[in-house]
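Quick notes on the structure that follows.
Values below: every heavy atom of this structure, side chains too, minus hydrogens, waters and symmetry copies. Every chain is numbered from 1, with letters handed out A, B, ... down the list of sequences.
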Number of protein chains: 2
Amino acid sequence: MESMPRQRRQKEQTATRRATINDVAQLAGVSKGAASRALSPDGGRIGRETIARVRAAAEELGYVPNIRARSLSAARAYAIGWVMRRDPDVLTEDPFFPSFLAGVEAAISVRNYTLVLSIVTDELEEPTYRRLASEGRVDGFLLSDVRTRESRFALLADLQVPAVALGAPGPSCPIPAVGIDDRKGAELATEHLLASGRQRIAHVTGAPGYIHTHNRQLGWRAALRKAGKSYCAEGIADFTPEGGAKATRALLDSPEPPDAIFYDNDLMAIAGMAAAMSRGLRVPRDLAVVGFDNIPMAAHVAPPLSSVATDTRDWGKLAALTLLDAIDGRGTQGQVMLQSGLVVRRSSHAVPKHANGQGGVSNQ
Amino acid sequence: MESMPRQRRQKEQTATRRATINDVAQLAGVSKGAASRALSPDGGRIGRETIARVRAAAEELGYVPNIRARSLSAARAYAIGWVMRRDPDVLTEDPFFPSFLAGVEAAISVRNYTLVLSIVTDELEEPTYRRLASEGRVDGFLLSDVRTRESRFALLADLQVPAVALGAPGPSCPIPAVGIDDRKGAELATEHLLASGRQRIAHVTGAPGYIHTHNRQLGWRAALRKAGKSYCAEGIADFTPEGGAKATRALLDSPEPPDAIFYDNDLMAIAGMAAAMSRGLRVPRDLAVVGFDNIPMAAHVAPPLSSVATDTRDWGKLAALTLLDAIDGRGTQGQVMLQSGLVVRRSSHAVPKHANGQGGVSNQ
DNA sequence: TTGTATGCGTTATCAT
DNA sequence: ATGATAACGCATACAA
């Protein structure tokens, strides 16, 4: 017999080799092509009886199409990519993660897509996008943490891979976007603080340079402006508990300290409350606090934290669906904004008139 | 001209078509096979000069090997899978996530592997493993949240895919494991509470049925036993803030309430502290608290939370490397245990002898 | 409707 | 050392 390189390998695996479409075709007594058509969902020109026979054969053999072969043939990866840039020093727990991913998974798994996730440092971000795209690992990207000066749009255009932005980057964004309405959420929070009688509402921001940070800032300002307030102290932070605590201390040290603070996320808000309370301030009496994200922890700190809430799972699902559409060439060019609501808890309760804290006049 | 289906597509893409190994070979004036060899890292039997010429051509064309074709040919996915089962209602922020993933990425990216991540519900767990394996999407799995009665070992054996367990499942585990020493960590925490003068050290567990929950329980018990303590009140919880708060209230309501609580994670510990304090208890004076994970938030709550710390990033890196070894047939069958340390903060500070809380005598 | 043949891009084997 | 060619498994254009 002639030498048989491949055969050797097959021989070894024979006992457990996975069935290919060839095996199915053989068992069904049809050609490979016919089997392929019979198995394809859109059932092209193929006899009903043949379809039944082939499917029965496939069932019997436990046939599962090999995605690698299909990928090569179809020039598709059947996968989407998500590259997250994270400073290794600031790998804070991200409330965004699990539920957003669950939503993504729900959307893509029914289409037999998978998610390729990488967490990278600054300098590896662009190379990672390039690698994933040029190797043909993914058919599109989810773009999180969109920056105000965003270099990835050009990169993606260069790579010729569709993408969906996770956020609300505004009209200049060249790709579809699905995001929560950060501006509206921030406005909601600020208006609530105003309604609860607060006079000096400060803001502690997330990391600068991000669209969502920017939009939350806009929302806070807009609400203050509408209410005719001129006080607008702001602390620049970075979404981390430590950053939130620092910014809070700085605000409280200022000559005209706030009587309320809106934080760009819950992690900072919780740390901020702790910082304020450890100085003897009472929350909400002396300082009202509202966060963003409504993480599960928010309801279980003391005092329970008010927060802007969004359905993160829906967000993930919608973003993934939009990306799949883009991959299929069904370009929904628009931007979708998910609404967010405010969950009011004790941290921002109104102070009874007879007991408003420092600087109050009042006697009931 | 005849109809040209494939050609048409190629024509359209011609302007931007990615270079294949054929293009490189042509430009270098060699055969496809020679080009392949010249490009392969282990440079087989091939002339030095040819190598140089081919590599230059590849460089010039910006050639990147197509992973899909390589996958088909090599019968490898060049990807590892991680299937996380998560109850959609308890999608709590997972401190484990980002830094662990960063470690995984660091290990696999240099080998040109990617991570396929899915978050699934109970009933989709097994089908997801099956799909990923039988479609040939991944070459191996990372197995997190190992259960005391673990059905996935059999599943993986059936699927014939290597895997690495994330944890310390004990000697009966049929696959290699990389985990932190939960038992030791829990012991450390408990011993510290004993050393700080606590008499009644309770435990609030994570979700039952998991190896790490079990091991932390063992560690807590062992420390108590060694110290000759008989008090061992325990609340069964689930790793969520809400569960931690409930268990805490139950413990405090018991006829003999604890003067210290060790929690299986920080989320529960933080919520537990809040629950205790909202009842007027002072931490650490009336109740000392230690958590597990040392999340960034731990240092920024009031009072700052003592916690068992591990290098999650290293963990991810080591686990991924172990999996890659297993995929390559280099079976490191053993189990690796990463050490963890205790970070002591105010929540567990010793109570000055003259001022021990309830039941204490104390003045000053 | 069905079978045949070809291409996807790579690696590996064989013959030169 | 190099070139030619088969093979990976699937989808599809084309002929029958």
Side-chain angles (χ1 to χ4, degrees), chain A residues 2-10 13 17-26 28-54 58 61 63-78 112 134-137, chain B residues 2-10 13 17-26 28-54 58 61 63-78 112 134-137:
Chain A
E2 300 90 17
S3 58
M4 31 181 57
R6 292 276 170 174
Q7 281 73 355
R8 187 180 48 71
R9 214 190 54 207
Q10 288 198 0
Q13 298 194 347
R17 211 187 93 238
R18 268 191 263 285
T20 74
I21 201 168
N22 252 323
D23 303 323
V24 174
Q26 205 169 337
V30 297
S31 76
K32 201 167 47 153
S36 174
R37 270 167 303 197
L39 259 14
S40 104
D42 54 309
R45 298 94 50 138
I46 188 83
R48 302 179 148 279
E49 195 216 352
T50 310
I51 291 186
R53 200 145 33 96
V54 170
L61 295 175
Y63 169 72
V64 178
N66 182 317
I67 196 74
R68 302 197 279 243
R70 193 199 297 247
S71 277
L72 182 58
S73 173
R76 277 208 181 190
Y78 299 100
N112 205 19
S134 59
E135 283 186 343
R137 289 268 197 183
Chain B
E2 301 91 18
S3 58
M4 32 182 58
R6 291 274 171 176
Q7 283 73 356
R8 187 181 49 71
R9 213 192 54 209
Q10 289 199 359
Q13 297 194 347
R17 212 188 93 239
R18 271 191 263 284
T20 74
I21 201 169
N22 252 323
D23 303 323
V24 174
Q26 204 170 338
V30 298
S31 77
K32 202 167 47 154
S36 176
R37 268 166 304 197
L39 260 13
S40 104
D42 54 309
R45 299 97 51 146
I46 187 82
R48 303 180 147 278
E49 195 217 351
T50 310
I51 291 186
R53 198 145 34 95
V54 170
L61 295 175
Y63 168 73
V64 178
N66 182 319
I67 195 76
R68 302 196 280 244
R70 193 199 298 251
S71 277
L72 182 58
S73 175
R76 276 206 182 192
Y78 299 101
N112 205 19
S134 59
E135 281 185 344
R137 290 269 195 180

(request) Find the distance A:R48:CZ to C:dT2:C1' and express it as a whole number of Å. (result) 17 Å
(message) For the CG atom of A:N66 and the CG atom of A:L72, what is their distance to the nearest 0.5 Å?
(response) 10.0 Å
(message) Taking 4.0 Å as the cut-off, does a side-chain nitrogen or oxygen of A:S31 come that near to OP1 or OP2 on C:dG3?
(response) yes
(message) As a test of reading the structure: which of C:dT10, D:dA11, C:dG3 is closest to the side chain of A:A34, going by heavy atoms?
(response) C:dG3
(message) Between A:R68 and D:dG9, is there a contact of a side-chain N or O with OP1 or OP2 at under 4.0 Å?
(response) no
(request) May I ask you to verify whether the side chain of A:R37 and the base of C:dG3 hold a donor-acceptor pair under 3.5 Å? (result) yes
(request) Ignoring backbone atoms, establish whether B:Y78 has a side-chain N or O less than 4.0 Å from OP1 or OP2 of C:dT11. (result) no
(message) Categorize A:T50 for me: base, sugar-phosphate, or nothing, with a 4.0 angstrom heavy-atom threshold over every strand shown.
(response) sugar-phosphate
(request) Answer whether the closest heavy-atom distance between the side chains of A:E135 and B:N112 falls below 4.5 Å. (result) yes
(request) Please determine if a side-chain N or O atom of B:T20 lies less than 4.0 Å away from the OP1 or OP2 oxygen of C:dC8. (result) no
(message) Is it the case that C:dT4 (base atoms only) and A:K32 (side chain only) share a donor and an acceptor within less than 3.5 Å, ignoring hydrogens and angles?
(response) no
(request) Check whether any side-chain nitrogen or oxygen of A:S36 sits under 4.0 Å from OP1 or OP2 of D:dA11, and answer yes or no. (result) yes
